[in-house]
Amino acid sequence: MRIRLSTPINRLTTLTCASILAVTTSTAVLAQQAILEGERFHPEVSEKGMVATSHFLASKVARDVLAQGGNAVDAAVTAGFALAVTQPRSGNIGGGGFMLVSDEKSGEVVAIDYREKAPSAAFETMFQNDEGEAVSELSRYTHNASGVPGTVAGLAMALEKYGTLSLADALAPAIRLAEDGFALPQRFVDGIRDTRDRLEPWPGSRKKFFKEDGSLYQVGDIFKQPDLAATLTRIAEQGSREFYEGKTAELITAQMEKNGGLMTMEDLANYEPAIREPSHGTYRGHDVYAMSPPSSGGVHIVQMLNILEEYDIAEMGFNSANTIHVMAEAMKRAYADRSEYLGDTDFVEVPLEGLTSKEYAKELRQQISMDKATPSSEIAPGNPLPYESNETTHFSIADGNGMAVSNTYTINFSYGSGIVVEGAGFLLNNEMDDFSAKPGVPNAYGLLGGEANKVEPNKRMLSSMTPTIVKKDGKNFLVTGSPGGSRIITTTLQVLMNVIDHDMNIQTAVSVPRIHHQWLPDEIRIEQGISPDTIELLESLGHTVSRQEAMGAAQSLMIEDSIFTGGADPRRSTSSAMGL
Ligand code: GLY
């Protein structure tokens with residue numbers, strides 16, 4: 001018998017039963033491993049804490065922080081900065097995101113919103129031509145594609161409120177990786193080659209991503225980032241406000257002025273993250289916490305779970321035609337509502353209680369037939385009244401003292417706008433494309449947005465990011481989330497259902513094939529691995545089924561009986577879960 005054993009050094013270490021006896025491993029871990037015997041996918045296992053990120057170097061530095069006595073927030077902030085160095089396609093300091101922190105001791109789950117904001121000179125028609133048509137080039141590949149970045153302020157706030165490390169200590173591994181460099185993996189090299197056309201026009205991007213003679217780096221080359229190292233060092237020495245008011249802010253605005261960008265020193269100085277209450281729902285006795293607006297993720301994951309809860313999903317079976325049918329029907333209805341109601345709650349009223357109520361879910365469920373797909377053309381945004389008065393990357397981290405962090409952050413597209421700030425060494429986001437350039441015209445993910453998400457000065461653009469923490473009996477149970485644009489919410493939904501409905505271990509839950517429906521276009525998008533018979537059955541119900549490339553990268557973890565299990569999503573070759 002061969003058992004995969006968690007070690008701090010190499011997660012792929014496998015040992016025979018005999019050699020395990022010679023290793024100091026607790027009975028609890030061995031018991032858990034015994035339970036996992038016979039399964040095809042094996043999670044990382046640990047008793048003391050777990051880190052799951054999309055890059056092994058970020059996982060390693062975060063795990064080191066836990067090993068040295070840091071808490072989950074310390075490790076998360078360290079991972080966030082390290083990913084900005086090792087995975088510049090989505091790890092960032094030029095973008096924004098959302099972090100959920102759950103502290104079992106206080107019972108509190110808080111959401112830190114560090115989403116980018118539109119500059120103060122932004123205006124509703126800024127991405128339209130003279131004929132009033134939306135021009136996606138403007139909202140994606142220009143200096144005005146960038147919202148005011150929130151990552152540095154957001155990570156610093158998390159550390160200050162919930163961490164124990166200094167900002168300088170949390171930045172130290174990232175600075176070291178940027179200064180000393182690291183050997184490039186295949187994925188990095190392929191990413192730059194595939195994005196060459198977008199990066200090459202900009203002097204800062206040429207300097208950062210290509211050799212001096214303009215040629216491409218190769219696998220195994222040591223990649224150093226001196227400008228980024230200098231920026232991170234300034235932040236470490238002067239604090240997070242340096243990014244917003246110091247030399248880094250000057251470099252950003254100099255670049256804006258040179259290229260017709262609207263972002264000013266004042267916009268940067270005025271940027272502040274916000275603490276928000278997460279969206280909350282229940283699913284089969286579990287408490288589900290996920291990101292509230294300006295992300296649509298939490299609202300719609302709760303809405304879909306509410307619709308699905310009354311079906312016997314376990315009995316219907318994993319990825320059976322019936323299960324996929326009801327999931328797709330729930331997804332369509334949620335995404336239709338997203339197009340109408342969701343936006344930045346600092347600017348527009350969003351009927352949050354209505355959308356996440358069990359009563360509204362019942363109303364939507366009654367529209368679903370088991371015999372026939374409802375064409376999207378027959379689904380309009382519902383009426384969830386009353387209004388109350390009133391390429392992204394994800395990582396999951398938990399420590400041994402009851403604290404868990406779920407963090408998703410992004411610069412929107414892979415490599416964002418493609419524009420590296422000259423002299424500062426980091427990419428600017430193209431998050432302004434997440435606004436509705438013109439209500440009713442789809443964004444890059446085919447998502448429709450309404451008036452609620454139109455461009456306004458200082459407003460946060462609507463997101464789909466869904467960092468999620470599920471609690472069971474008051475204890476952290478599942479920490480998950482994903483990149484993937486419009487597919488983020490449905491990817492996260494399926495990890496959660498795979499664990500709760502289908503009783504999968506976390507590695508299986510993140511590995512198995514996924515599906516997606518977003519109302520428009522009216523098709524179920526499926527990954528490889530859904531059987532032809534199932535597709536035929538779905539088509540006989542009236543669904544259009546479209547086989548597409550892999551969706552999401554749900555770096556996730558679970559905690560059961562004080563045992564931590566980590567699942568690294570195989571859809572990314574650099575994904576890594578590391579136990580303590
Ligand atoms: N930029 C993708 C999202 O925030 O949903």
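Start at 1 with the first residue, then count along the sequence. Every number for a ligand or one of its atoms is a count from 1 in the order of the listing.
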Contact check, side chains of [X] and [Y], non-hydrogen atoms, under 4.5 Å:
X: Asn498; Y: Arg514; result: no
X: His286; Y: Leu496; result: no
X: Val479; Y: Thr468; result: no

Ring-ring centroid check His300 Tyr341, cutoff 6.0 Å: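 Ring centroids of His300 and Tyr341 are no less than 6.0 Å from each other.
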
- prompt: So, for Phe188 and Phe223, is the gap between ring centers shorter than 6.0 Å?
  reply: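 Between Phe223 and Phe188, which both carry aromatic rings, the centre distance is below 6.0 Å.
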
Give the atom numbers and elements of ligand 1 that come within less than 4.0 Å of a heavy atom of [X].
X: Glu431; answer: 1 (N), 2 (C), 4 (O)
X: Ser464; answer: 3 (C), 4 (O), 5 (O)
X: Asp434; answer: 1 (N), 2 (C), 3 (C), 4 (O), 5 (O)
X: Met465; answer: 4 (O), 5 (O)

- prompt: Would you say ligand 1 has an N or O under 3.5 Å from any N or O of Ser463?
  reply: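 Yes; at least one N/O pair falls below 3.5 Å.
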
- request: Flag Asn412 as yes when one of its N or O atoms lies below 3.5 Å from any N or O atom of ligand 1, and as no otherwise.
  value: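 It does: an N or O of Asn412 is found under 3.5 Å from an N or O of ligand 1.
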
field: Per-residue contact class, Arg115 against ligand 1 - non-hydrogen pairs under 4.0 Å
entry: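 Under 4.0 Å from ligand 1, Arg115 contributes side-chain atoms alone.
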
- prompt: Do Glu523 and His517 get their side chains close enough for a donor-acceptor pair, meaning under 3.5 Å?
  reply: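 No pair is found: no donor N or O on one side chain lies under 3.5 Å from an acceptor on the other.
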
